[in-house]
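All values below were derived from every heavy atom in this structure, side-chain atoms included, with hydrogens, water molecules and symmetry-related copies excluded. Because the structure is a prediction, the values reported are computed rather than measured. In the text below, chain A, chain B and the rest are named by the order of the sequence lines, each starting its count at 1.
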There are 2 protein chains.
Amino acid sequence: MSIQHALLVSLLEKPSSGYELANRFDRSIGYFWQATHQQIYRELGRMAERGWIVADNAAGGDKRQKKTYQVLPAGREELIRWAQTPDPSPHGGRSLLVKLRAEAVIGPLGLDEQLREFMAQRQAQLDIYRAIERRDFSPERMTPARRLQYMVLKRGITMEEGWLEWAQEVLPLVSRTPPPA
Amino acid sequence: MSIQHALLVSLLEKPSSGYELANRFDRSIGYFWQATHQQIYRELGRMAERGWIVADNAAGGDKRQKKTYQVLPAGREELIRWAQTPDPSPHGGRSLLVKLRAEAVIGPLGLDEQLREFMAQRQAQLDIYRAIERRDFSPERMTPARRLQYMVLKRGITMEEGWLEWAQEVLPLVSRTPPPA
DNA sequence: CCATCCATGTAATTCGTTACATGATTAT
DNA sequence: ATAATCATGTAACGAATTACATGGATGG
């Protein structure tokens with residue numbers, strides 16, 4: 001998943017302290033990615049070690065005072081590298097959301113291939129659910145228990161459909177070659 | 001989250017071995033909850049220690065052979081207790097899916113209050129997103145970058161709407177007092 | 001001066017992931 | 001026989017959660 005890359009995007013959008021990031025994470029990206037402040041501080045520390053980000057706080061030792069972090073070129077490159085690496089996990093959609101925000105701050109990343117692959121995966125999962133639906137949930141013989149089980153499956157189905165419709169709408173925004181009128 | 005309760009439901013639906021559960025978890029509940037087999041074996045071991053489940057494997061020591069687990073009364077009671085405890089986390093919807101399957105196997109649990117509370121939370125989050133939408137994404141001044149950011153927000157919006165519509169449909173199935181015609 | 005919020009951190013524990021290991025059963 | 005699959009487990013590591021601690025800044 002990588003919280004680090006989500007943090008990089010947030011920092012590119014606006015240099016911030018760990019505390020601010022922790023609060024900001026409640027909004028926007030926050031429904032999809034939640035992170036505690038300890039988690040955020042840890043990852044900020046690591047990214048600083050790796051030279052991806054710096055705190056503006058010059059020499060003063062580790063006094064307990066506000067540190068505003070900024071993204072360094074190495075961090076920017078790492079974000080681009082990550083954004084161009086497909087995430088085949090079932091939560092690939094969440095990654096794509098972060099990648100879209102990345103594209104919004106640092107320009108075209110060529111995400112259309114990843115998006116198409118993602119759509120193919122969602123379609124495949126949807127087909128599986130549809131098959132189960134036809135096999136196990138025909139309108140006859142619908143006991144109350146079966147109806148409840150069906151609602152669970154239905155949530156899976158509409159989730160997949162939701163991602164597919166969304167991806168369909170995103171596609172023209174990330175395509176290098178817009179479809180001819 | 002509690003994988004344990006998801007496993008209890010699966011075992012009530014059908015007594016199984018850890019291996020079978022690991023494979024089964026790919027389907028049905030599997031999109032929402034994924035668990036590796038090591039995780040499943042560990043949790044099965046713990047639940048057996050607590051007396052929630054038993055392996056049918058009588059005395060034979062820990063020979064590496066198939067153990068089919070069954071839910072004991074204590075496990076059943078624990079599942080009911082958990083199902084009747086609200087989950088206020090942002091992923092409360094996932095819990096509700098498991099609880100619906102629980103209700104399907106062990107009968108009415110009185111979930112309507114939890115469902116209504118869940119809907120109120122989703123509605124509140126939706127209102128927040130709608131406010132951001134009105135404030136930051138008016139149709140004028142839509143740069144390409146802004147359009148990308150908007151698609152991220154839109155995914156949040158349709159997710160909330162998806163949960164709300166689903167919950168609306170589930171409500172009559174878990175209500176003790178069905179609405180008068 | 002006292003409470004509250006801002007801001008960062010350490011420590012302990014639990015959870016999840018990955019790698020590895022082992023043996024039993026079934027099919028070729 | 002031997003390969004594949006079924007089936008369970010140990011060990012090590014890294015990530016996440018929870019509790020706790022510290023101190024500066026702000027407002028009443």
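Between B/L21 atom CG and D/dC6 atom C1' there is a gap of 14 Å when expressed in whole angstrom units. If you measure from atom CD of B/Q38 to atom P of D/dA7, you get 16 Å, rounded to the nearest angstrom. A/K67 has its NZ atom 14 Å from the C1' atom of D/dG24, to the nearest Å. For the pair A/H37 NE2 and D/dC20 P, the computed distance is 13 Å after rounding to whole Å. Nucleotide C/dT17 holds its C1' atom 14 Å from the NE2 atom of A/H91, rounded to whole Å. In this structure, B/Q34 atom CD and C/dT18 atom C1' are separated by 15 Å, rounded to whole Å.
Within residues 43-51 of chain A, no residue has any heavy atom under 4.0 Å from DNA chain C.
Using a 30° and 60° split on the angle between ring planes, A/F118 and A/W163 fall in the perpendicular class, above 60°.
A salt bridge is absent between B/D56 and B/K67: the closest approach of a Lys/Arg side-chain nitrogen to an acidic carboxylate oxygen does not fall below 4.0 angstrom.
Partner of B/S138 under the side-chain contact (heavy atoms from CB on, under 4.5 Å) criterion, out of B/R134, B/R135, B/E140: B/E140 alone. A side-chain hydrogen bond (donor to acceptor under 3.5 Å, both in side chains) with A/Q121 is found for one member of A/Q123, A/E117, A/Q125 and no other, namely A/E117.
Contact annotation: side chain of B/R42 to base of C/dG16, donor-acceptor pair present below 3.5 Å.
Phosphate contact (OP1/OP2 of C/dT8, side-chain N/O of A/S17, threshold under 4.0 Å): present. Between D/dT17 and A/Q39, a contact under 4.0 Å exists linking OP1 or OP2 to a side-chain N or O. OP1 and OP2 of C/dG9 both lie 4.0 Å or more from every side-chain N or O belonging to A/Y41.
A donor and an acceptor atom, one from each side chain of A/R42 and A/Q39, are nowhere located under 3.5 Å apart. Inspection of the A/E43 and A/H5 side chains reveals no N or O donor paired with an N or O acceptor under 3.5 Å.
The hydrophobic clustering, which links ILVMFWY residues whose side-chain heavy atoms are closer than 4.5 Å, places A/I3 and A/Y19 apart. No continuous path of ILVMFWY side-chain contacts below 4.5 Å connects A/L72 to A/L8, so the two sit in separate hydrophobic clusters.
Taking the side chain of B/E20 as heavy atoms from C-beta on, and the options D/dT8, C/dG9, D/dA7, the nearest nucleotide is D/dA7.
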Under 3.5 Å, which N/O atoms of the protein pair with N/O atoms of nucleotides 4-6 of chain C?
| from | atom 1 | to | atom 2 | distance (Å) |
| --- | --- | --- | --- | --- |
| C/dC6 | OP2 | A/Y19 | OH | 3.0 |

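Residue A/G18 is the one, among B/T36 and A/G18, whose nearest nucleotide of DNA chain C lies closer to the 5' end (criterion: closest heavy atom).
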When the side chains of residues 152-160 of chain A are checked against the rest of the protein, which donor-acceptor pairs come out under 3.5 Å, sequence neighbours left out?
| from | atom 1 | to | atom 2 | distance (Å) |
| --- | --- | --- | --- | --- |
| A/K154 | NZ | B/E169 | OE2 | 2.6 |
| A/R155 | NE | A/T158 | OG1 | 3.4 |
| A/R155 | NH2 | A/T158 | OG1 | 3.3 |
| A/T158 | OG1 | A/K154 | O | 3.2 |
| A/T158 | OG1 | A/R155 | O | 3.4 |
| A/E160 | OE1 | A/R122 | NE | 2.5 |

